[in-house]
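Counting convention: from 1, in listed order, for ligands and their atoms alike.
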Amino acid sequence: MSLVVLEHPAEHVALLRLNRPEARNALSPELRAELRSHFLSLSEERAIRAIIVTGDRKAFAAGADIRSMVSIGPAEMMRRGDDLNWGAIRHCPKPVIAAVNGYALGGGCELAMHADIIVAGEGALFGQPEVKLGIMPGAGGTQRLARAVGRYRAMLMLLTGQPITAREAYEAGLVSKITPDEDTVPEAIAIARAIAAMPPLAVAEIKQVLHAGLDAPLDTALMLERRAAYLLFDSFDKREAMTAFLEKRSATFSGT
Ligand code: HXC
């Protein structure tokens with residue numbers, strides 16, 4: 001049985017469903033390896049224009065698998081090379097949407113924060129409880145969380161291990177959209193379809209510039225933005241989109 005199930009809910013859209021319900025989708029080394037290999041191949045697949053990651057109604061993912069960590073030391077942690085797994089998601093050029101229901105804790109919250117858009121069901125809970133285990137986040141839980149919700153709310157979550165609700169996460173800027181629990185995946189699919197209907201080169205440049213620019217000084221970021229914006233003027237899809245607008249017809253994009 002696959003630990004990550006690949007589905008194609010709409011044209012150009014891939015959905016990855018974490019499939020360890022008996023362990024609240026805890027991210028075992030085997031599950032992470034499957035996730036990585038899906039991301040590597042979907043990143044290269046031209047037909048795919050958006051990727052959704054989801055879990056089940058109880059848990060998006062309850063974090064790294066505690067059973068697999070209880071008796072290992074730092075050398076084994078290094079040997080596992082987990083950053084290669086995260087890197088496959090981090091460097092994915094396609095938009096990634098997390099559809100979160102239930103628990104998104106520890107590495108599960110970090111997985112959600114690897115996405116470009118987070119859709120959360122009303123019952124979702126986001127938290128970084130690592131401190132309760134005598135460790136701390138190791139895949140962006142201090143850095144991405146602080147950038148998303150601000151240092152003071154992040155510090156409260158990280159030092160107490162207490163989760164926040166989907167509503168609190170939305171108000172803090174950690175969640176893009178809240179839905180009733182049963183609508184989380186359909187909403188993520190609707191967003192993915194909307195993105196898939198856009199010119200792929202423009203989508204890829206927007207994603208890359210937003211992420212790279214946020215970590216650069218403003219002047220550098222604005223230069224990156226300008227360069228990418230000008231570059232898109234060379235695409236076939238730009239000509240097609242503008243011509244279609246002027247001819248009052250819908251455009252057909254080829255990703256060129
Ligand atoms: C391994 C886990 C697990 C986890 C749940 N399970 N979370 N197994 N690793 N992270 C297993 C339980 O052991 C149990 O197995 C089954 O899933 C159901 O869990 P319950 O606790 O009975 O369910 P529930 O009462 O619904 O509570 C759900 C929960 C709780 C709130 C999510 O399970 C929980 O607190 N889990 C741990 C969350 C956590 O601390 N995550 C951070 C991990 S560290 P059995 O066999 O008993 O049925 C991390 C970063 C590491 O993510 C970074 C290193 C650098």
Side-chain angles (χ1 to χ4, degrees), residues 1-5 16-36 38-39 53-91 96 98-115 118 120-149 153-169 174-175 181-182 184-185:
M1 191 56 155
S2 298
L3 298 168
V4 179
V5 178
L16 296 169
R17 193 182 293 278
L18 308 190
N19 186 34
R20 274 192 88 202
E22 73 288 355
R24 301 289 181 268
N25 291 323
L27 306 168
S28 61
E30 298 76 19
L31 187 152
R32 290 167 193 228
E34 279 191 31
L35 201 55
R36 170 188 175 186
H38 280 300
F39 266 98
V53 182
T54 195
D56 55 48
R57 283 292 276 278
K58 280 196 174 150
F60 177 69
D65 189 283
I66 297 169
R67 221 173 283 280
S68 79
M69 297 187 297
V70 62
S71 55
I72 64 166
E76 172 60 12
M77 282 296 280
M78 286 175 76
R79 196 197 59 76
R80 286 185 180 180
D82 203 28
D83 193 53
L84 288 175
N85 296 328
W86 292 112
I89 310 175
R90 194 162 69 235
H91 300 304
V96 178
V100 179
N101 276 322
Y103 299 106
L105 301 179
C109 187
E110 290 172 311
L111 177 59
M113 290 191 292
H114 271 69
I118 302 179
E122 281 159 349
L125 286 173
F126 295 83
Q128 299 287 165
E130 286 89 341
V131 67
K132 296 188 196 171
L133 298 170
I135 54 171
M136 62 176 282
T142 58
Q143 300 309 306
R144 286 200 181 88
L145 188 66
R147 282 164 172 74
V149 307
R153 250 182 286 209
M155 202 64 98
L156 183 63
M157 290 171 69
L158 288 157
L159 296 182
T160 65
Q162 291 303 314
I164 57 172
T165 62
R167 174 70 47 196
E168 288 168 327
L174 178 60
V175 159
D181 287 347
E182 62 276 17
T184 313
V185 172

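- Annotation for Thr160 and Lys132: closest pair O-CE, 3.9 Å, computed over non-hydrogen atoms.
- Considering CG of Asp56 and OH of Tyr103, their distance stands at 11.5 Å, rounded to 0.5 Å.
- Of all protein heavy atoms, the one closest to atom 50 (C) of ligand 1 is Glu130 OE2, 3.3 Å.
- Distance remark: protein heavy atom present below 4.0 angstrom from atom 7 (N) of ligand 1.
- The option with the heavy atom closest to atom 43 (C) of ligand 1, from among Ala139, Gly106, Ala64, Ala104, is Ala64.
- Within the model, atoms CZ of Arg144 and CG of Leu174 stand 12.0 Å from one another, a figure rounded to the nearest 0.5 Å.
- In terms of protein heavy atoms, atom 53 (C) of ligand 1 is closest to Met136 O, 3.9 Å.
- Among all non-hydrogen protein atoms, the one lying nearest atom 34 (C) of ligand 1 is Leu105 CD1, 4.7 Å.
- Here Ala26 has side-chain heavy atoms under 4.0 Å from ligand 1, and that is the only part of it that gets that close.
- Of all protein heavy atoms, the one lying nearest to atom 12 (C) of ligand 1 is Arg67 NH2, 4.9 Å.
- Within ligand 1, counting atoms from 1 as listed, the ones closer than 4.0 Å to a heavy atom of Gly63 are 52 (O).
- Atom 25 (O) of ligand 1 lies below 4.0 Å from none of the non-hydrogen atoms of the protein.
- Looking at Leu133 against ligand 1, only its side chain comes within 4.0 Å, counting heavy atoms.
- Closest of all the heavy-atom pairs between Ala26 and Leu31 is O-CD1, 3.8 Å.
- Atoms of ligand 1 found under 4.0 Å from any heavy atom of Pro129, numbered from 1 in the order shown, are 39 (C), 40 (O), 41 (N), 42 (C).
- For atom 47 (O) of ligand 1, the nearest protein heavy atom lies 4.0 Å away or farther.
- A distance of 8.5 Å separates CG in Leu27 from CZ in Arg20, rounded to the nearest 0.5 Å.
- Here Leu158 contributes atom CG and Met136 contributes atom CE; the two are 8.0 Å apart, rounded to the nearest 0.5 Å.
- Distance check for atom 18 (C) of ligand 1: a protein heavy atom is found below 4.0 Å.
- Considering only heavy atoms from C-beta on, Ile89 comes within 4.5 Å of Leu111 through its side chain.
- In terms of protein heavy atoms, atom 41 (N) of ligand 1 is closest to Ala62 O, 2.9 Å.
- Considering all non-hydrogen atoms of both residues, Gly107 and Trp86 come closest at O-CH2, 3.5 Å.
- Listed here is the closest heavy atom pair of Leu3 and Ser28: CD1-OG, 4.3 Å.
- Ligand 1 has Glu22 within reach: a non-hydrogen atom of the residue lies less than 4.0 Å from it.
- Taken to the nearest 0.5 Å, the OG1 atom of Thr54 stands 7.5 Å off from the CG atom of Leu18.
- Rounded to the nearest 0.5 angstrom, Leu125 CG and Glu168 CD are separated by 9.0 Å.
- At a threshold of 4.5 Å between non-hydrogen side-chain atoms, the residues Asn85 and Leu35 do not count as touching.
- The shell of residues lying under 4.0 angstrom from ligand 1, judged by heavy atoms, includes Ala23.
- For atom 4 (C) of ligand 1, the nearest protein heavy atom is under 4.0 Å away.
- Here the heavy atom of the protein found nearest to atom 1 (C) of ligand 1 is Ile66 N, 3.5 Å.
- With contacts defined as side-chain heavy-atom distances shorter than 4.5 Å, the pair Asp65/Glu30 does not qualify.
- By the 4.5 Å heavy-atom criterion applied to side chains, Leu105 and Arg24 are not counted as neighbours.
- In terms of N/O distances under 3.5 Å, ligand 1 is approached by Arg24.
- The protein does not reach atom 21 (O) of ligand 1 closely, with no heavy atom under 4.0 angstrom from it.
- Look at Met77 and you'll find a heavy atom under 4.0 Å from some atom of ligand 1.
- Those atoms of ligand 1 that come under 4.0 Å of a heavy atom in Gly107, given as number and element, are 49 (C), 52 (O).
- Protein heavy atom in closest approach to atom 28 (C) of ligand 1: Tyr103 CE1, 3.5 Å.
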